[in-house]
Participant: 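One structure, as structure tokens, below. Some questions next.
Residue numbers start from 1 in every chain, and the chains themselves are labelled A, B, ... in the order their sequence lines are given, proteins ahead of strands. Worth saying up front: this structure is predicted, and the values here are computed from it rather than measured.
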There are 2 protein chains.
Amino acid sequence: MTDEQRRRRGRPRSEQAHDAVLAAARELLAEVGYARLTIEGVAARAGVGKTTIYRWWSSKAELVAEILYRPISIEEIPESGSPRDDLAANIRLIVEPFTDPWYGPALTGARNDLNADPEGQKAFQAQIMSGRRDTGRAVFQRLVDAGDLPPDTDVDYLIDVMSGLLVYRGAIWRQPITEEDVRKLVALLVDGRPPRRTPS
Amino acid sequence: MTDEQRRRRGRPRSEQAHDAVLAAARELLAEVGYARLTIEGVAARAGVGKTTIYRWWSSKAELVAEILYRPISIEEIPESGSPRDDLAANIRLIVEPFTDPWYGPALTGARNDLNADPEGQKAFQAQIMSGRRDTGRAVFQRLVDAGDLPPDTDVDYLIDVMSGLLVYRGAIWRQPITEEDVRKLVALLVDGRPPRRTPS
DNA sequence: ATAACAAAACGCAACGTCACGTTATTGATT
DNA sequence: AATCAATAACGTGACGTTGCGTTTTGTTAT
């Protein structure tokens, strides 16, 4: 790229300011939540002008979306040998961010604001969710290849069932998702075994 | 109740104004969506003062929540003789409001705003969701009684799986839920049969 | 020279509250 | 029976506040 060689004239953008904004936004997100997070508050804490923030991001929702994106950019699940364990690992990876108490509200909050703009919806969907689905497909495919699921299994449907439960419990109702829940989910999705009440 | 007998002095609250506000809010919700819905806009269309709105509801989210509550106040599912059909009927009843294109965003939007206030969260949960869960428990219990599910089935878990898929697809990603999807869901939850790809 | 920077101010939109005069109902007084 | 406070919700309109996204100004780094 010639962009890197021929540096632009004038003062270059400060990566330091960029990172300070992200850090400040992350902190404030954890402290006050998405609804009470303001651009002006972020600028003040980052020691940065609002102008600088708007030079990098076009809205509060977009800024928050970038923060939310990172922990969700899921790497591949290593093959443990047991496809069921791989699925469980994938579930835990999805759930993990929800354990941060600010994450769920911020996720739904950002999604909600981005929905005001009809094209922001697609942007969010593409940016946040596409990586997860690819990872999920790969994991379920291992189960199909191992013969644990029929060859013509509707994998995307299973991904929606899985994601649905996790989002519903974790992000919407903010209930913790336990190891027990993971076990029940794998049993239901792969083996078709209904969940049993835990003898407490 | 003595409240009804001994009416308060002064001008009584206008049920007409109350209903006009609800109607106007419902219209505007369908026209501009939750995010762009304003109290002032509702007041203007209803021909009502903002004060009157705040006399009945304490926030936009609370007002919208009342609108959302009505279609969800689920009646009992009649016993068709086939518990599986009862479950399918329950699923269709949950999905039905999502066919209104404004409903899903309004649901997530109102929920999100109510979460800013930590006690509004409980209010929403109690008001919107409790009825659905009772209905769902009854339907799954019929399956248990009929021997289609083990006696110690964790019914609440199944309700979460079911609700999760429906909310995830219908309210969050705004995808239509087809008869095919209903069939797959019943097969998975009750019979443990994985969903198959539809030969299109 | 040029462009990103921080700071500060702008206009805008919506918020929630308030004071005002009006209207509807109740309870006491004629 | 008719009248008249007292009361309370009404619609209107204006208020100050907040946060937005933009614009301006002077400074700093390349």
Participant: From the options C:dC15, C:dC5, D:dG11, select the nucleotide whose nearest atom is closest to the side chain of B:Val48.
Facilitator: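 Closest nucleotide to the B:Val48 side chain: D:dG11.
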Participant: Rounded to whole Å, how long is the line connecting atom CD of A:Glu15 with atom P of C:dC5?
Facilitator: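 Computing the A:Glu15:CD to C:dC5:P distance gives 9 Å.
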Participant: Of the candidate nucleotides D:dC20, C:dC5, D:dG11, which contains the atom at the shortest distance from the side chain of A:Thr52?
Facilitator: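 Of the candidates, C:dC5 comes closest.
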Participant: Suppose we call a contact any N or O donor and acceptor under 3.5 Å apart; does that hold for the side chain of A:Lys50 and the base of D:dG21?
Facilitator: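 Looking at the base of D:dG21, it does pair with a donor or acceptor on the side chain of A:Lys50 (distance under 3.5 Å).
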Participant: By the definition side-chain contact (heavy atoms from CB on, under 4.5 Å), identify the one residue from A:Asn90, A:Asp86, A:Ile91 that meets it with A:Val186.
Facilitator: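 With A:Val186 as partner, A:Asn90, A:Asp86, A:Ile91 yield a single side-chain contact (heavy atoms from CB on, under 4.5 Å), made by A:Ile91.
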Participant: Report yes if some heavy atom in the side chain of A:Asp191 is under 4.5 Å from a heavy atom in the side chain of A:Arg84; otherwise report no.
Facilitator: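 In short, these two side chains touch, coming nearer than 4.5 Å.
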Participant: Could you check how far CD of B:Gln16 sits from P of D:dA9, rounded to whole Å?
Facilitator: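 Taking CD of B:Gln16 and P of D:dA9, I get 17 Å after rounding.
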Participant: Take the protein atom CD1 of B:Ile53 and the nucleotide atom C1' of D:dT12, then report the distance between them rounded to whole Å.
Facilitator: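 Roughly 14 Å, once rounded to whole Å.
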Participant: Mapping B:Ala43 and B:Arg11 onto DNA chain D by nearest heavy atom, which one lands closer to the 5' end?
Facilitator: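 The 5'-side residue here is B:Arg11.
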Participant: C:dC15, D:dG21, C:dA24: which one has an atom nearest the side-chain heavy atoms of B:Pro12?
Facilitator: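 Nearest listed nucleotide: C:dA24.
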Participant: Think A:Trp57 has a side-chain N or O under 4.0 angstrom from the OP1 or OP2 of D:dG21?
Facilitator: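 A:Trp57 to D:dG21 OP1/OP2: no side-chain N or O under 4.0 Å.
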Participant: For B:Arg36 and D:dC20, give me the distance from atom CZ to atom P, rounded to whole Å.
Facilitator: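 That distance rounds to 17 Å.
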Participant: Expressed as a whole number of angstroms, how long is the span from A:Glu62:CD to D:dC20:P?
Facilitator: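 From A:Glu62 CD to D:dC20 P: 15 Å.
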Participant: Could you check how far CZ of B:Arg9 sits from P of C:dT26, rounded to whole Å?
Facilitator: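 Nearest whole value for this atom pair: 11 Å.
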Participant: Quick one: salt bridge (Lys or Arg N to Asp or Glu O under 4.0 Å) partners of B:Glu79, sequence neighbours excluded?
Facilitator: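 Counting only residues at least two positions away or on another chain, B:Glu79 forms no salt bridge (Lys or Arg N to Asp or Glu O under 4.0 Å).
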Participant: Parallel, tilted or perpendicular for A:Trp57 and A:His18, by the 30°/60° rule?
Facilitator: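 Parallel, since the angle between the ring planes stays under 30°.
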Participant: Given C:dA14, D:dC10, C:dC5, identify the nucleotide with an atom nearest to the side chain of B:Ala17.
Facilitator: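 The listed nucleotide nearest to B:Ala17's side chain is D:dC10.
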Participant: Examine D:dC10: is either OP1 or OP2 under 4.0 Å from a nitrogen or oxygen in the side chain of B:Arg13? Give yes or no.
Facilitator: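 So the side-chain polar atoms of B:Arg13 never come under 4.0 Å of the phosphate oxygens OP1 or OP2 of D:dC10.
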Participant: Any donor-acceptor pair under 3.5 Å between the side chain of B:Thr51 and the base of C:dC18?
Facilitator: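 Yes, a donor-acceptor pair under 3.5 Å.
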Participant: Could you check A:Glu40 against B:Leu37 and say which one's nearest nucleotide on DNA chain C is further toward the 5' end?
Facilitator: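 Here A:Glu40 is the residue nearer the 5' end.
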Participant: Indicate, with a heavy-atom threshold strictly under 4.0 Å, whether B:Gly41 touches base, sugar-phosphate, or nothing.
Facilitator: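 Since no nucleic acid heavy atom lies under 4.0 Å of B:Gly41, the category is nothing.
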Participant: Measure CZ/A:Arg55 against C1'/D:dT23 and give the value in whole Å, please.
Facilitator: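 Roughly 12 Å, once rounded to whole Å.
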Participant: Out of C:dC5, D:dT22, D:dG19, which has the shortest distance to the side chain of A:Tyr54?
Facilitator: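 Nucleotide nearest to A:Tyr54's side chain: D:dT22.
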Participant: Does the cation-pi check pass for A:Arg26 over A:Trp102, that is, NZ or CZ under 6.0 Å from the six-membered ring centre and within 45° of its axis?
Facilitator: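 No, A:Arg26 and A:Trp102 do not form such a contact.
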